[in-house]
Amino acid sequence: MHIKKLTCAAGLTLAAVVVGCSNDNLTNLNTNPNNPTSAPPGPVFTYATRLSAATFVGNGFDLRQTEFVAQHWAEVQYPDEDRYARLDPASTQGTWTGAYSSQLQDLNKVAAAGLAAKDPGTYGPAQVLQTWNFEYLTDTWGDIPYSAALKGDSTGGSLTPAFDSQKDVYAGMLAKLASAATALKGAPNSLGSADPIYGGSTAAWAKFANSLRARLAMRLVNVDPATADAQLKAAFTDPAGVFASNADMAKLVYPGDGVYNNPMTDNFSGRDDHRVSQTLANILIANSDPRMPILMQPVVDSSASGPLGYAGMPNGLSTSTAGTYFRIASRPGSYLYPGATTFGTFGSAANKKNPTYLMTYAELLFIKAEAAERGIGGLNPGQAAGFYNAAIEASMAQWGVTSASAIAAYEAGPNVAYKGGTAGLIQIAVQKWVAMVGDGAQSWAEWRRTCQPSTIKPGPAAVVNFVPRRFYYPNQEYTLNAASVAAANAAQGADNFGTRPYWDTKPSAAPTYVSAAVCGP
Amino acid sequence: MLRLFKRISSVTAALATVASVAAAQQGGTISGRVLTESGAPLTAASVSISSLGLGAYTNDQGVYTINVSAARMTGQAVELTARRVGYAPKTVRVTLTSGRNIQQDFSLTANATSLTGVVVSALGVEKQKSQLGTAIQQVSSEQLNATHDQNIVNQLEGKVSGVAITGSGTQGGSTKITIRGANSITGNNDPLFIVDGTPVSNRGRGGSPNGGGLGGGNVDFGSVINDIDPNDIATVTVLKGPNAAAIYGSRGANGVVLITTKRGSASANGFQTAVTSSVTFDTPSIEPKFQNLYGQGSGGQFQFVDGAGGGTQDFNDQSFGPRLDGRTMGCIFTTAPNSTTYDQTQPCTQFNSPVVNGVLQPSPWIAHPNNVSSFFQTGQTWNNNIAFSGGTDRATGRLSIGNENTKGVIPNNTFRKVSSSFAGNFNVSSRLSTSATVQYISDKAYNRPGVGYNSGIMEGLYVWFGRQVDMNALKNYEPHANQTFSCNDQYNWNCNFHNNPYWIQYQNPEADNRDHVIGSAAATWKITDWLNAQAQTGTDYYRSNIAQNYAAGNLGYSDLAYNGAFYHFNNTGNENNSSLLLTANKTAKSWLQLSGTLGANRRYATYGSSSLQSDAILAADIYNVSNSAKSPTVNEYGERRQTNSVYGSGSFTLGQVWTVEVTGRNDWSSTLPKGSNSYFYPSINSSLVLTDLMPALKNRVLSYAKIRGAIANVGNDADPYQLATTYVGQANKFGSLPQYTLSDTRANPTLKPENTNSAEVGLELGFLNNRATLDASYYGKATTNEIVSLSLANETGFSAAALNAGKLTNKGVEAQLTLIPIQLANGFQWTSTFNYSANRSKLVSLYPGVQNYRIGSTWTIDEEARVGQPYGDIFATPYKRDKTTGELLLSDGLPQNDAGHRRVLGNVNPKWIGGWNNEVRWGRFTASALLDIHRGGDIYSVTNMFGQYTGVLASTINGRQVDWNNPGLVIHGIDQATGKENTVNVTSENYYQSLFENGEAFLYDDSFVKLREVRVGVDLPSGFTNRLKVSSANLAFVGRNLWTHTKVPNIDPEFTYTTGNYQGAEFAALPTTRSLGLNLRITP
């Protein structure tokens, strides 16, 4: 009897083995129970939008890298980034890798879904946001994979995409923005609330597309004035329009729920690396800027402070020297702190919801002011002062300065009151740079284009004696896409801080150009 | 039960009277001589009746005498066994009749050590070693358990050739094991572990040199194989190549570690008891060498106010401060610009300076040379195992219970393991026999040390700890009553970056536990006398939990606005294998033996995990998701897979001389696409005993010669879910918005099985009547069509793709040489064993257009597989050098990183590894020592990089022998600006910090020699063992990792953080422990 049972058990095991051999049952086991193979475009767009902002404005790339290069801020402890030592390819790699395989690929999928459905309300925003990302990448590195990128899963798509010249990338981006603006105009809202920037409004996205086109066009003004002129004109006259008020700005408002906070408040809640750079502080103090109390905090050790209790510190010091500025240089404004931090209470808990800006109305107005002063984009020099003051007012409003009299007094100040001509272009560049605190990459790019503020210089302990013109390509390129990066280096120049990308090759053409000694080699 | 207690108490009583001599028994005697085959007397051989617990040793003439009391002479038959090291034991049955003396002589045959005899082979089948065509090495329980380690794999170190083992980077952590090099570029390279026929998981848990955030791999929780209690193991057999493992299917391609646990045997008179007990005392084997001339600070200044920047450089956690000369005033400079004159009106204050009226008072600025080492304590490991076995002709069983309690070398860190094991056999009839084994292990660890960057305790101690800090003052870690500075609810030397190390250990409870069951049942039906059918089913099941909690005020991981943070993780793994197996063994003719197997197996495995984490809790000390102040982050993952297989083998042996075996297996896998998921793979092996084929070959020198060879092919499937790219949902909503992102890994619907081809030849030689034996193998293998998760340049839109790509080859030699240089008639024997292996790998191709695969990266180095290069190259940033002279190109007197010219600077794999064991046995005494040797291979040490950056290491005295900036350093090299020899003098601080992110400066030759094991043991006198009624009792002094020779400064050259493929980058690993202790073994 026992034997019978055992035989039976053995028989069952055999049966199980044989049944298990059925291939259908076997392969069905491999259906992924964790993740779906398709997703609606909305939630993918939400994710990509959040990550786009997180990559380029407010997080590490901005706070710990480009803002030190652009010298709004300086690093007070372990200033390896401020000395450009920790802007080596291992440290800057994450921005590149994250942008391509996260938001850019996700936006690719959203755009593809929208195009397949012939739905500009879906693909338009995706294309605009994708272009916004590409612009940060190319401005940081120069030549980048663009036309062959993001095709790792398509038939015949390259696993080692070639790099495009920055000239071609710009041409591609401008064309993409033009077509997106056209497609978006009048298109129905498809993304709705899944779009945390504009709630899916195609009219708003069209304005962003044209405004971004103006940014890109002005970036080319030294190297290719004709294209800049034509593109600015096209952007300003496009029926879909450009930003018309602060309400049109492209910004991402954070939930501030502890999971997704404004990234600057998150950083400043736990680290005390930043002080205001004396490059920025000196300009704010000299002009008695009403934004000063918002962008700076009074120094802790008041015995060492300037007349108003504010002081900046130099960039690019050695660890031992930087450390001595701990109490005698201003921390960034309390606006960037989330209330209680390790170091005391500097801001309000509500600051966790502060937006980060993808592009501001003030920036667009500065672009218009510059175009007017240069007489391009269909504008004339007579319009420059108006755009210039409007830009300053938009920035004041954006930073929360409400006193009209204070703003008026500022605008009348000896350094600020618009002078026109080359002096006006310098004023536009400096005021634009001040207004772009919090967007290190744009500020750095504008400095490379205009050489303003001319006080931006490498610190005494910097590893190179010039301000970087670009970053090193990430280490992984030499491992995983070696032939392509070698070709890019052959075309663009050696992979180092000193090689200038395409639009940076003619800073001397800028009226604001001071001298090679100031603007770098 | 009562009987059991009596037995235990008698053991205890006997232990208490070690010195006392047992009184002689009355009654009959059993006596005789123990001789060699040639008739020479054997001294110190043991002869025992284990069922009665009686025994004796032979004297110089080989004579033994056992007295048996009259009461025990009841006419029963008992087994009388003679044992002697170096000889095969022999057992005879004798009948004890009252009043009758028994004369019984023994003639023992010398063991041919590693060349002949029976070994446990694939499928647990015992085979004559002479008939094996593949490389197999067996380790006995005694060899394995010479000393005790927390991880059984560590106990194999140096004992098996061809096996590379790297011990953990933390106590209780993972151990990396690979056999004959890595087969897979990106996948699993661990061998398959099989316990009593059941595959057992060796999945790693956490661990990374890069550390990580909350729940991000900052702690190495050890791999699952740690659970096995080595005391229960009878043999460990290592099947080294795919050849030996072809029958085990895909996972055998990396080799198989076959573990057979001890069984009971028929015992005429009740059960037998075996006891193993050991205690060891553990200390870190290597500690960094720190400097003690300069204290915390930077640029020669330091003054403590609040440890967060309130005082001069007091936020700073490096040791480039003022000289530790006992000054109490003048630790910062006068305020004059660029002053380097110490201001003698300013007090030298420290975190633990006395407080008067709320003001920190001047206190002497002195070094605390032992501040880091005093944090360590002497750890202890107590290990006990008691086993009962016995049975009748029909049924036998063995039950064991073991426990291991370890007190770690850092405070409040403990490991506890309780293991139990049962093995039973029941012969239902003469044709049907059944057996079952079950092991249950429960382990618990508390406050394991975090390793790597930003991960807790080791980093803070090794590279950031101010040289003047008094560790003793930190023991009282709660905020002090008169504390003048707030410090995140702690009392600490720095409030900007660090937690108090004691606070971490006592206030941030980390606990993990695992329950693990391995069980199997089998029934064997003897169809005829040459044909058996066996049905077996076995399961490996574990469930583990990790709870990492962080108290309010914890810097790192937690939102300081709340009251703490937590990360809770649990996972469950289960693998079931059921098989049917027909086995035939027939002696067809006197000169022809035939055997064959035919089997079917179903493997079904599931794995699931989930985690909950929050960086903010509301009520303090309640680490529960319902107490989270924010939306917690939650994760869930599940997977399942199945492989169905049929397999078979057939072999013949001609005249005990020539054996040929063929095997074949077909798998159907759930993880490959339909149409590609069935794959067949064959193997063939053969052995030829030359000395039997041509007896003329035998002479006084050569006593045995065998050649063998094998060719095998092994297929392999993919991990689950690699066929379709998915969107990954985010548990956290953006506000109220759900989020999805396309996976960064591109799937592949057209995957094919991968394939490993391997061939090996072997030579086994015995010399001088097998006093010297050599077992050598040469192998080559190539894995093609590899299923890789190939890293892609992210501009493709993906960071990795599942692809069939690449070809990786390995070839190598391995040898075991055993010598018995001295073997005397008086029982003195010296045995020397050397294991050697060298493996060379080469990545032949990867994927069209893709030349490199990145295995892992740390700071500025990448470990890579590069086409045309060996696996595991280190690709890193070198110094900028002058092209013609090769000298350093300096800028402002400092070396520069040549980030634009990164290149291969080393390789993590050793050129060869060896183990050299020497054992001397004389009478009842045995002494053995095992050297573990690694030659070649490179490591990248972040501990050295940051230890220099922060100025804590002794080497950073260079340039500040006189004062913080005096004499300074003029680095030898060429000034980049002038092209001339550098003359710029830089401070020590600026120099060492300029090496940050340099790969070349911190790459070291990882060669080392370790005195891995030492054992000095004595078999207790027979009078004592007789009283215990056991056959032998051995007491030994044991030691592990007693001595290390290496060129790598400051760190243990041996470390791993994970069982994964990324090895060779070190940061803040806990050195292996040096342990010393006692071990007692009582054998029934």
Side-chain angles (χ1 to χ4, degrees), chain A residues 2-3 6 10 13-14 16-17 20-21 23 26-27 29-30 32-37 39 43-44 46-47 50 77 80 85 88-90 97 100-101 105-106 109 145 149-150 152-153 159-161 194 255 258-260 272 318-320 323 326 340 342-343 472 476 478-482 495-496, chain B residues 298-299 308-309 313 315-316 428 432 523 535 560-561 578 580 600 602 616 630-631 637-638 640 642 644 668 670-671 674 720-721 724 726-728 732 734-735 737-742 744 746 791-799 849-852 854 860 864 899-900 902 989-990 993 996-997:
Chain A
H2 291 296
I3 295 160
L6 275 162
T13 313
L14 182 64
V17 168
C21 288
N23 236 341
L26 203 55
T27 47
L29 264 186
N30 206 38
N32 191 321
N34 306 301
N35 298 309
T37 51
V44 181
T46 307
Y47 181 89
R50 175 177 71 72
Q77 51 183 346
D80 297 307
D88 65 327
T97 58
Y100 273 110
S101 57
Q105 178 65 301
D106 284 342
K109 297 296 171 196
L150 309 177
D153 61 343
L159 296 187
T160 53
V259 181
Y260 295 118
D272 198 15
S318 66
T319 297
S320 50
F326 216 91
T342 328
F343 319 101
Y472 286 86
Q476 73 147 9
Y478 292 89
T479 305
L480 304 173
N481 198 3
D495 184 12
N496 58 40
Chain B
S298 178
Q313 305 286 5
F315 66 89
N316 200 310
V428 180
L432 180 66
L560 289 163
S578 298
L580 282 178
R602 191 193 68 163
K630 302 174 179 175
S631 298
Y637 177 78
R640 50 195 184 155
Q642 185 174 333
N644 299 329
W668 291 264
S670 70
T671 65
K674 226 180 275 185
Y721 316 135
T726 58
Y727 285 85
V728 182
N732 287 117
F734 186 70
L737 304 176
Q739 306 181 79
Y740 268 112
T741 178
L742 189 71
D744 284 358
R746 197 204 82 171
S791 330
L792 295 183
N794 293 63
E795 52 265 33
T796 58
F798 299 90
S799 60
V850 182
Q851 296 294 302
N852 310 304
R854 193 166 44 161
T860 182
E864 301 189 348
R902 291 157 52 77
E989 179 175 6
N990 286 348
Q993 295 189 350
F996 179 64
E997 301 238 321

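This one's a predicted model, so the numbers in the text were calculated from it and none came from an experiment. Protein chains get the first letters and strands the later ones, always in sequence-line order, with residue 1 at the start of each.
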Spacing of B:L742 atom CG and A:Y47 atom OH [to the nearest 0.5 Å]: 10.5 Å
Pick from A:N496, A:L150, A:T479 with the largest number of heavy-atom pairs that fall under 4.5 Å of chain B: A:T479
Partner residues of B:T671 under the side-chain contact (heavy atoms from CB on, under 4.5 Å) criterion, sequence neighbours left out: A:N30, B:R641, B:S669, B:D717, B:A718, B:P720
Intermediate values then yes/no, side-chain contact (heavy atoms from CB on, under 4.5 Å), B:Y740 and A:K109: CA-CA 11 Å; B:Y740 268 112; A:K109 297 296 171 196; over 6 Å; no
Rounded distance [0.5 Å steps], OG in B:S298 versus CD in A:Q77: 11.0 Å
A:P36 versus chain B, the contacting section by heavy-atom distance below 4.5 Å: both
Residue selection (most heavy-atom pairs with chain A, distance under 4.5 Å) from B:F996, B:Y727, B:Y637, B:F798: B:Y727
For B:R902, salt bridge (charged side-chain N to carboxylate O under 4.0 Å, His left out) partners two or more places apart: B:D862
Greatest number of heavy atom pairs closer than 4.5 Å to chain A - which of B:S799, B:P738, B:G900, B:G735: B:P738
CG on B:L737 to OG1 on A:T46, rounded to 0.5 Å: 5.0 Å
Chain A interface, residue from B:N852, B:V728, B:N990, B:N732 that has the most non-hydrogen pairs under 4.5 Å: B:N852
Interface residue of largest heavy-atom contact number with chain A, from B:A616, B:S670, B:G299, under 4.5 Å: B:S670
Donor-acceptor side-chain pairing of B:N794 and A:T97 below 3.5 angstrom: no
Distance-only polar pair, side chains of B:E989 and A:T319, donor-acceptor under 3.5 Å: no
Top contributor to chain B contacts, counting heavy-atom pairs under 4.5 Å, from A:S318, A:P89, A:A39: A:A39
Exam field: side chain B:R746 to backbone A:G152, donor-acceptor pair closer than 3.5 Å: yes
Engaged part of A:D88 at the chain B interface, taking heavy atoms whose separation is under 4.5 Å: side chain
Spacing of CG belonging to A:L29 relative to CD belonging to B:Q642, to within rounding of 0.5 Å: 5.5 Å
A:S320 backbone acceptor or donor facing B:Q313 side chain under 3.5 Å: yes
B:E795 versus chain A, the contacting section by heavy-atom distance below 4.5 Å: both
Contact leader toward chain B among A:A194, A:S101, A:P255, where contacts are heavy-atom pairs under 4.5 Å: A:S101
Option that, when pairs with chain A are counted at under 4.5 Å, heavy atom only, ranks first among B:L560, B:T741, B:N316: B:T741
